[in-house]
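Worksheet: one structure, shown below.
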Amino acid sequence: MKNSANIMEYKLLDTGNFRKLEQVGPWKLIRPALNACWEPKLTQNQWQSADAEFLRDSTGHGKWKTLNRQLPEQWQMRWGNFNLHIKPTSFGHLGFFAEQYRNWKFFEEIIPSLGKDVKTLNLFAYSGIGSMAMARAGAQVAHLDASKGMVEWGRINQSMNDDVPDRIRWIVDDVNKFCKRELRRGNRYRGIALDPPSFGRGSAGQLWKIDDQIIELLVMCRELLEKDGGAFVTLSCHSPGFTPLGLERLLESVLGPGSIESSEMTIPETTGRVLPAGITATWLRR
């Protein structure tokens, strides 16, 4: 790994009053946390020591307000056993979702058990950490995101981790278009991961709404799975109205018999609490 000993870890320091206080490498940040309806545990002085705070506006965008130190344009951090490239964006994102770390661990545990020449597909794949976990476990990975900038971000992340082999195919495309094309080509996968947004647009402006299109997409995922042997589909989301049990029933209804586990995704706090941050479910065929 590249200079991993010199890269500071991510820590969730505290949450409360609909905000979260985070140590993101060498920088201490405050960001919105809509689930954190409780009181913080740390003192007001500890919160006021943050370097910057993201203030979101009614459009979903926002701005970073300097509190104590001006943030740089980018830096490095370590989380989930990966070195990561961090940039504060106008959406308040930093380039990783800390709550996904258990899914990354699952990929690294399950893929070696699926035999040789395992191919996996990562949809809505963001900055590539899940894809790196798959590749490090031995899979040939198709990483797909509609944003060219996010795919380039993923390439940067891979370059920072020497133990991630060059087994990732980086693809900028619309999810539905790509899946339909893969079905026509006859390409199949042992494992599929997808983390769809509530609303978004494809590489050419195609509209995505999870409520209207998730079943159609899961049907394509079912057809893209190899028919013999073990296989998995991991679905996670942050959309209102979806629950762990709801994801279980959704996967069962589309994918058929299999072992299904679901849970809230959480981030551990240094206070001893955890922050709920979305839901996930995995369907597994042995």
Side-chain angles (χ1 to χ4, degrees), residues 1-10 25 74-87 89 93-98 100-175 177-179 181-195 202-203 221 224-226 229-234 236 282:
M1 297 184 186
K2 299 189 177 182
N3 301 319
S4 59
N6 299 323
I7 301 177
M8 293 178 63
E9 290 273 359
Y10 168 83
Q74 56 193 27
W75 65 90
Q76 296 181 359
M77 184 205 72
R78 189 161 175 81
W79 176 244
N81 208 23
F82 291 100
N83 301 330
L84 302 177
H85 181 68
I86 303 301
K87 291 191 296 185
T89 70
H93 294 181
L94 300 171
F96 73 105
F97 292 114
Q100 288 280 355
Y101 73 99
R102 285 197 179 93
N103 281 336
W104 307 336
K105 184 177 180 181
F106 167 76
F107 300 150
E108 293 192 317
E109 291 173 346
I110 192 64
I111 286 170
S113 73
L114 298 179
K116 297 180 179 180
D117 302 319
V118 174
K119 293 172 59 180
T120 59
L121 174 60
N122 193 8
L123 303 174
F124 308 97
Y126 200 53
S127 62
I129 311 171
S131 298
M132 292 196 298
M134 293 173 174
R136 194 160 65 183
Q140 293 283 350
V141 187
H143 168 109
L144 184 136
D145 198 279
S147 167
K148 181 178 180 181
M150 290 312 308
V151 170
E152 288 303 314
W153 202 330
R155 291 180 182 273
I156 294 171
N157 279 331
Q158 184 182 14
S159 73
M160 294 170 54
N161 292 271
D162 288 339
D163 62 340
V164 176
D166 189 17
R167 301 168 66 93
I168 303 173
R169 181 162 58 110
W170 303 97
I171 306 161
V172 180
D173 205 347
D174 173 74
V175 164
K177 286 176 58 179
F178 175 81
C179 290
R181 192 163 60 248
E182 288 292 271
L183 288 170
R184 292 195 299 269
R185 290 172 174 169
N187 290 333
R188 298 296 183 266
Y189 299 90
R190 281 283 181 204
I192 300 175
L194 58 162
D195 183 32
S203 56
C221 289
L224 283 169
L225 286 176
E226 294 183 11
F232 71 88
V233 172
T234 295
S236 56
T282 292

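Position 1 is the first residue of the sequence; numbering continues from there. Predicted model only: the values in this text are computed from it and were never measured.
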Practice task
Applying side-chain contact (heavy atoms from CB on, under 4.5 Å), run through Leu144 and Asn122 and close with a yes or a no.
Solution key: CA-CA 6 Å; Leu144 184 136; Asn122 193 8; over 6 Å; no
Practice task
Under the salt bridge (charged side-chain N to carboxylate O under 4.0 Å, His left out) rule, collect the residues that match up with Arg102, sequence neighbours excluded.
Solution key: none
Problem - Nearest atoms (heavy-atom pairs only) where His143 meets Gly128 - result: CE1-CA, 3.3 Å
Handout entry: Taking every non-hydrogen atom, the tightest pair across Ala135 and Val164
Key = CB-CG1, 4.1 Å
Practice task
Return the minimal non-hydrogen interatomic distance between Asn157 and Ser127, and the atom names on each side.
Solution key: ND2-O, 2.9 Å
Exercise for the section: Consider only side-chain N and O atoms of Glu182 and Tyr189, and report whether a donor and an acceptor are under 3.5 Å apart. Expected result: yes
Practice task
Check for a donor-acceptor pair, side chain of Arg190 on one end and backbone N or O of Gly230 on the other, with a separation under 3.5 Å.
Solution key: yes
Practice task
Please list, chain by chain and in numerical order, all residues satisfying salt bridge (charged side-chain N to carboxylate O under 4.0 Å, His left out) with Arg184, sequence neighbours excluded.
Solution key: none
Exercise for the section: Applying side-chain contact (heavy atoms from CB on, under 4.5 Å) between Cys179 and each of Leu123, Ile192, Asp174, report the one that passes. Expected result: Leu123
Fill in the blank from the handout: Taken to the nearest 0.5 Å, the spacing of Leu224 CG from Lys119 NZ works out to 10.0 Å
Problem - Pairing residues for Phe106 by the ring pair (Phe, Tyr, Trp, His ring centres under 6.0 Å) criterion, not counting sequence neighbours - result: Phe232
Handout entry: Side-chain donor/acceptor of Asp145 to backbone N/O of Tyr126, under 3.5 Å
Key = yes
Practice task
Verify the distance criterion only: is there a donor paired with an acceptor across the side chains of Gln158 and Trp170 at less than 3.5 Å?
Solution key: yes
Handout entry: Minimum side-chain heavy-atom gap Asn161-Met132 below 4.5 Å
Key = yes
Problem - Distance, nearest 0.5 Å, that separates CE of Met77 from CH2 of Trp75 - result: 9.5 Å
Handout entry: Side chain to side chain, Ile110 and Thr282, heavy atoms closer than 4.5 Å
Key = no
Practice task
Mind listing the closest non-hydrogen atom pair of Leu225 and Ala231 along with its distance?
Solution key: CD2-CB, 4.2 Å
Practice task
State, with a plain yes or no, whether a side-chain heavy atom of Leu94 is found less than 4.5 Å away from one of Thr89.
Solution key: no
Practice task
State, to 0.1 Å, how close Leu121 and Phe178 come at their nearest heavy-atom pair, and which atoms those are.
Solution key: CD1-CE2, 3.6 Å
Practice task
Would you kindly check if the NZ (Lys) or CZ (Arg) of Arg136 is within the cone defined by 45 degrees around the ring axis of Phe107 and under 6.0 Å from the six-membered ring centre?
Solution key: no
Practice task
In sequence, state the C-alpha distance, the side-chain angles, and the governing distance for Gln74 and His85, and then conclude on side-chain contact (heavy atoms from CB on, under 4.5 Å).
Solution key: CA-CA 7 Å; Gln74 56 193 27; His85 181 68; 3.5 Å; yes
Completion exercise
Those residues at least two apart in sequence (or on a different chain) that pass salt bridge (charged side-chain N to carboxylate O under 4.0 Å, His left out) with Glu9 are none
Exercise for the section: Apply salt bridge (charged side-chain N to carboxylate O under 4.0 Å, His left out) to Arg181 and list each qualifying residue two or more places apart in sequence or on a separate chain. Expected result: Asp173
Handout entry: Euclidean distance, Ser236 OG relative to Phe124 CZ, rounded to 0.5 Å
Key = 10.5 Å
Exercise for the section: Consider only side-chain N and O atoms of Asn103 and Thr234, and report whether a donor and an acceptor are under 3.5 Å apart. Expected result: no
Completion exercise
Here the gap from Asp195 atom CG to Gln100 atom CD, rounded to the nearest 0.5 Å, amounts to 5.0 Å
Exercise for the section: Let me see the working for Arg188 and Glu226 under salt bridge (charged side-chain N to carboxylate O under 4.0 Å, His left out), right down to the final yes or no. Expected result: CA-CA 5 Å; Arg188 298 296 183 266; Glu226 294 183 11; over 6 Å; no
Exercise for the section: Could you tell me if the ring centre of Tyr10 sits under 6.0 Å from that of Phe96? Expected result: yes
Exercise for the section: Could you walk me through whether Leu194 and Val233 pass side-chain contact (heavy atoms from CB on, under 4.5 Å), step by step? Expected result: CA-CA 8 Å; Leu194 58 162; Val233 172; 3.9 Å; yes
Exercise for the section: Examine distances only and state if a side-chain atom of Asn83 and a backbone atom of Met160 form a donor-acceptor pair shorter than 3.5 Å. Expected result: yes
Practice task
Check whether any side-chain N or O of Trp79 sits under 3.5 Å from a backbone N or O of Ala98 as a donor-acceptor pair, and report yes or no.
Solution key: yes
Exercise for the section: State whether Glu108 and Lys105 are salt-bridged, where the test is any N-O pair (Lys NZ or Arg NE/NH1/NH2 against Asp/Glu carboxylate O) under 4.0 Å. Expected result: no
Practice task
Tell me, please, which residues at least two apart from Ala139 pass side-chain contact (heavy atoms from CB on, under 4.5 Å).
Solution key: Ile111, Val118, Thr120, Met134, Val141
